[in-house]
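One structure is given below, encoded as structure tokens.
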Amino acid sequence: MSKKLNLPVRPRRNRQNEAIRSLVRETCLLPADLIYPLFVHDKKQDEKIASMPGCKRWSLEGLVRETGEACEAGVKAVVLFPAIDESLKTSDAKECHNAGGLVPRAVGALKKAYPDMAVITDVALDPYNSDGHDGLVVEDDQGQAGILNDETVQVLCQQALCHARAGADVVSPSDMMDGRVGEIRNALDEEGFEEVLIMSYTAKYASAYYGPFRGALESEPKAGDKKTYQMDPANWREALREAELDVMEGADIIMVKPAGPYLDVIRALRETLELPMAAYQVSGEYLMIKSAAEGGWIDEEAVMMESLLGIKRAGADMILTYFAKTAAKCLSAKC
Ligand code: PBG
């Protein structure tokens, strides 16, 4: 017995075929929305990263080649993370502002090969710090380690200047020290780098999803954790507070990190602020998709795309993702 329902409103009408679905589609992901994080080291050979299948620590030559392939697929920005030799790590992290260091050389090589590509650098001490922390570490009388805020900010300013002098288009402080955006802005402007953008890690959470990344750089903190500077995963109002400060201090782009488990934070910031917003799909989010797909449990391409679309739908304008090159290729193939 079939009885027609009296239904003037039938949402399924808008889903009946791909042509209609693409007309009513609300969110669209483009290759140019993606920022490609790349690891670089000071060796001649590229090296696979055990904790991040599909990612490598690139030699300078490999870095330029990989960037070229991403560019070909429509990606317009890369962000660099250096794996620094143990022998160069010190408790004052001074290698982070060495003009002849790995990052300035990598920036120089990339800007020479691809002048139109936006080169973003990470500003934080952890790859250079023998303590493995993003800031300078001091021990109090009881032997408890603490992170020095204001002293760290001075070093971060030198690091940002070093990257700007090498030709970086965007510097991206990921350290979560208080007041660093304003101080970096001042330092850049004083040296005539008014055009260099600051992409601030506004709401960076003390997340367990960073594990595979720290494996890639061997940058685990030697003692303690990052909870006195990175945010508590339980908080979202605090993200608004951080964002207000970043706006006042002159950030050009704000960021939420990780992305997938913090979509509500992305949405809250989108509803409150006008600034462009990035979200970072971090190493743990990447690895979960990769390993489930390697086990044959999920369709890698479909889940990759859905995860990125979800981040964009939540309100991010751009996404840092280890899938950038692969996702951009899929997107260009469909256009
Ligand atoms: C450190 C930094 C981290 C990441 C980017 N910059 C790790 C951390 O804060 O411990 C994580 C990125 C990822 O997991 O993909 N300044």
Side-chain angles (χ1 to χ4, degrees), residues 34-40 49-57 78-84 89 93 95-96 102-103 120-137 147 149 152-153 155-156 159-160 163 170-177 180-181 184 198-233 242 254-262 278-291 304 307-308 311 316 318-325:
L34 306 174
I35 300 175
Y36 196 12
L38 290 166
F39 299 103
V40 57
I49 299 174
S51 59
M52 297 179 68
C55 294
K56 287 184 178 164
R57 276 180 292 264
V78 296
V79 56
L80 300 180
F81 292 102
I84 300 296
K89 297 187 183 183
E95 178 63 16
C96 79
L102 179 57
V103 167
I120 306 173
T121 58
D122 193 70
V123 175
L125 306 187
D126 52 319
Y128 309 92
N129 196 341
S130 44
D131 299 299
H133 276 287
D134 294 23
L136 299 170
V137 176
I147 309 297
N149 190 86
T152 298
V153 171
V155 187
L156 296 171
Q159 185 181 20
H163 296 172
V170 184
V171 293
S172 190
S174 68
D175 55 285
M176 292 302 279
M177 297 300 121
R180 90 278 208 214
V181 170
I184 291 174
I198 299 179
M199 177 164 81
S200 173
Y201 285 67
T202 297
K204 177 174 178 179
Y205 287 89
S207 169
Y209 286 82
Y210 306 150
F213 173 98
R214 294 180 191 167
L217 296 186
E218 291 172 5
S219 60
E220 275 292 334
K222 295 283 180 310
D225 52 39
K226 299 193 176 186
K227 290 181 185 166
T228 67
Y229 48 107
Q230 298 181 348
M231 282 176 51
D232 183 340
E242 286 283 1
I254 58 172
M255 194 202 296
V256 174
K257 175 185 177 180
Y262 295 86
Y280 198 147
Q281 182 181 54
V282 301
S283 55
E285 299 176 77
Y286 170 81
L287 182 64
M288 290 196 308
I289 296 175
K290 274 293 202 196
S291 42
M304 165 183 80
S307 68
L308 295 171
I311 296 165
M318 62 201 102
I319 306 170
L320 293 86
T321 173
Y322 301 98
F323 287 120
K325 185 179 86 171

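None of the values given here were measured: they were computed from a predicted structure. Each residue takes its place number in the sequence, starting with 1. Every number for a ligand or one of its atoms is a count from 1 in the order of the listing.
- Contact annotation: the side chain of Y210 approaches that of K204 to within less than 4.5 Å [non-hydrogen atoms, C-beta and beyond].
- F39 places a side-chain heavy atom less than 4.5 Å from the side chain of L217.
- Of the protein's heavy atoms, S174 OG, 2.8 Å lies nearest to atom 16 (N) of ligand 1.
- The K204 neighbourhood of ligand 1 comprises atoms 1 (C), 2 (C), 3 (C), 6 (N), 8 (C), 9 (O), 16 (N), with distances under 4.0 Å to a heavy atom of that residue.
- Scanning the protein heavy atoms around atom 12 (C) of ligand 1, the nearest turns out to be F213 CD1, 3.3 Å.
- In this structure, Q281 has no heavy atom closer than 4.0 Å to ligand 1.
- Among the atoms of Y201, none of the N or O lies under 3.5 angstrom from an N or O of ligand 1.
- When the options V153, L125, I147 are evaluated for a side chain to side chain contact (heavy atoms under 4.5 Å, CB included) with L136, the one that passes is L125.
- F81 places none of its side-chain heavy atoms less than 4.5 Å from the side chain of P127.
- Counting atoms of ligand 1 from 1 in the listed order, those under 4.0 Å from a heavy atom of Y280 are 12 (C), 15 (O).
- Nearest to atom 14 (O) of ligand 1 among the protein's heavy atoms is S283 OG, 2.7 Å.
- M255 places none of its side-chain heavy atoms less than 4.5 Å from the side chain of I35.
- Using a 4.0 Å cut-off between heavy atoms, D134 contacts ligand 1 through its side chain alone, with no backbone atom that close.
- Residue contacts with ligand 1: Y286 is excluded, as none of its non-hydrogen atoms falls under 4.0 Å.
- Only side-chain heavy atoms of A124 come within less than 4.0 Å of ligand 1; its backbone N, CA, C and O stay farther off.
- Counting only N and O atoms by type, the side chains of S307 and Q281 include a donor and acceptor under 3.5 Å apart.
- The aromatic rings of Y205 and Y262 lie parallel to each other, with less than 30° between the two planes, well short of the 60° mark.
- Within ligand 1, counting atoms from 1 as listed, the ones closer than 4.0 Å to a heavy atom of Y322 are 12 (C), 13 (C), 15 (O).
- Ranking protein heavy atoms by distance to atom 1 (C) of ligand 1, first place goes to D126 OD2, 2.8 Å.
- Among D122, D175, D134, the one residue that satisfies the side-chain hydrogen bond (donor to acceptor under 3.5 Å, both in side chains) test with Y201 is D122.
- Nearest to atom 8 (C) of ligand 1 by heavy atom, out of K226, M52, E220, H133, is K226.
- Under a cut-off of 6.0 angstrom, the local environment of NZ in K227 is sparse, with at most 12 non-hydrogen atoms contributed by other residues, nucleotides or ligands.
- Less than 4.0 angstrom separates some heavy atom of K257 from each of these atoms of ligand 1: 2 (C), 3 (C), 4 (C), 5 (C), 6 (N), 11 (C), 12 (C).
- Within the structure, the closest approach of E285 to ligand 1 does not fall below 4.0 Å when heavy atoms are considered.
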